[in-house]
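These notes are about the structure you will find just below.
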Amino acid sequence: MKIHLTSVFVDDQTKALRFYTDVLGFVKKHDVPLGETDRWLTVASPEEPDGTELLLEPSHHPAVKPYRDALVADGIPLAVFAVDDVRAEYERLRELGVRFTQEPLEMGPVTTAVFDDTCGNLIQIASQA
């Protein structure tokens with residue numbers, strides 16, 4: 001068994017696609033219209049284009065807003081993405097205007113940082129020494 005797909009709820013799929021591809025560097029995998037406004041919209045790592053996909057899922061369900069608001073208020077990231085070097089990625093993303101809620105923090109062999117994905121979520125990046 002392996003993880004094939006996971007998702008993040010987003011306020012605006014078009015805005016999310018731009019952020020996740022143009023800023024974070026993911027590649028669009030699927031973009032299938034669903035109804036009048038929503039899409040089955042996934043991205044993947046360019047390093048593993050046939051690997052795990054991230055669904056940029058519309059946040060219409062009434063449970064989403066209180067759930068995400070509570071996570072953000074407590075500083076809890078919705079997802080964690082692995083990077084080779086958190087400090088280097090932190091600098092690269094800051095130069096692109098990404099707002100971080102946690103600067104790089106070393107916790108034993110792991111370094112993490114947390115940013116706002118502009119779509120309603122906090123996302124953590126992590127690397128191991």
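Owing to the predicted nature of the structure, the values given are computational and were not obtained by experimental measurement.
Under the 4.5 Å side-chain criterion, counting only non-hydrogen atoms from C-beta, Pro77 is not in contact with Ile123. Residues Leu93 and Phe115 have side chains in contact (heavy-atom distance under 4.5 Å, counting atoms from C-beta outward). For the pair Leu96 and Phe19, the minimum side-chain heavy-atom distance is 4.5 Å or more. Residues Leu122 and Ile76 fail the side-chain proximity criterion, which asks for heavy atoms closer than 4.5 Å. Side-chain atoms of Leu17 and Lys28, non-hydrogen and from C-beta on, do get closer than 4.5 Å to each other. Leu55 places none of its side-chain heavy atoms less than 4.5 Å from the side chain of Thr6.
Legend: salt bridge (Lys or Arg N to Asp or Glu O under 4.0 Å) pairs involving residues 55-66, not counting sequence neighbours, sorted by first then second residue: Lys65-Asp69. Evaluation of the salt bridge (Lys or Arg N to Asp or Glu O under 4.0 Å) test over residues 2-25, restricted to residues two or more places apart or in two chains, returns Asp11-Arg68. Evaluation of the salt bridge (Lys or Arg N to Asp or Glu O under 4.0 Å) test over residues 34-49, restricted to residues two or more places apart or in two chains, returns Asp31-Arg39. Under the ring-ring contact (aromatic ring centres under 6.0 Å, His included) criterion, the residue pairs touching residues 24-50 are Phe26-Phe81, with sequence neighbours excluded. Applying the salt bridge (Lys or Arg N to Asp or Glu O under 4.0 Å) test to pairs two or more places apart or on separate chains, those with a residue in residues 108-118 are Arg99-Asp116.
Tracing side-chain contacts under 4.5 Å through hydrophobic residues (I, L, V, M, F, W, Y), one reaches Val23 starting from Leu41; they form part of the same cluster. No single ILVMFWY cluster, assembled from side-chain heavy atoms under 4.5 Å apart, contains both Leu5 and Leu56.
Considering only residues two or more places apart in sequence or on other chains, Phe9 meets the ring-ring contact (aromatic ring centres under 6.0 Å, His included) condition with none of them. Scanning for salt bridge (Lys or Arg N to Asp or Glu O under 4.0 Å) contacts around Asp50 gives Lys29, with sequence neighbours left out. With sequence neighbours excluded, no residue satisfies ring-ring contact (aromatic ring centres under 6.0 Å, His included) with Tyr67. With sequence neighbours excluded, no residue satisfies ring-ring contact (aromatic ring centres under 6.0 Å, His included) with Tyr20. Residues that satisfy the ring-ring contact (aromatic ring centres under 6.0 Å, His included) test with Tyr90, not counting sequence neighbours, are Phe100. In this structure Glu89 satisfies the side-chain hydrogen bond (donor to acceptor under 3.5 Å, both in side chains) test together with Arg92, sequence neighbours excluded.
Nearest approach of Ala44 to Pro49, heavy atoms of both residues: CB-O, 3.9 Å. Between Ser59 and Val64, the shortest heavy-atom contact is CB-CG1, 3.6 Å.
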For residues 104-114, which side-chain N or O atoms pair as donor and acceptor with protein atoms under 3.5 Å away, sequence neighbours left out?
unit_1: Glu106; atom_1: OE2; unit_2: Arg87; atom_2: NH2; d: 3.2
unit_1: Thr112; atom_1: OG1; unit_2: Gln102; atom_2: NE2; d: 2.9

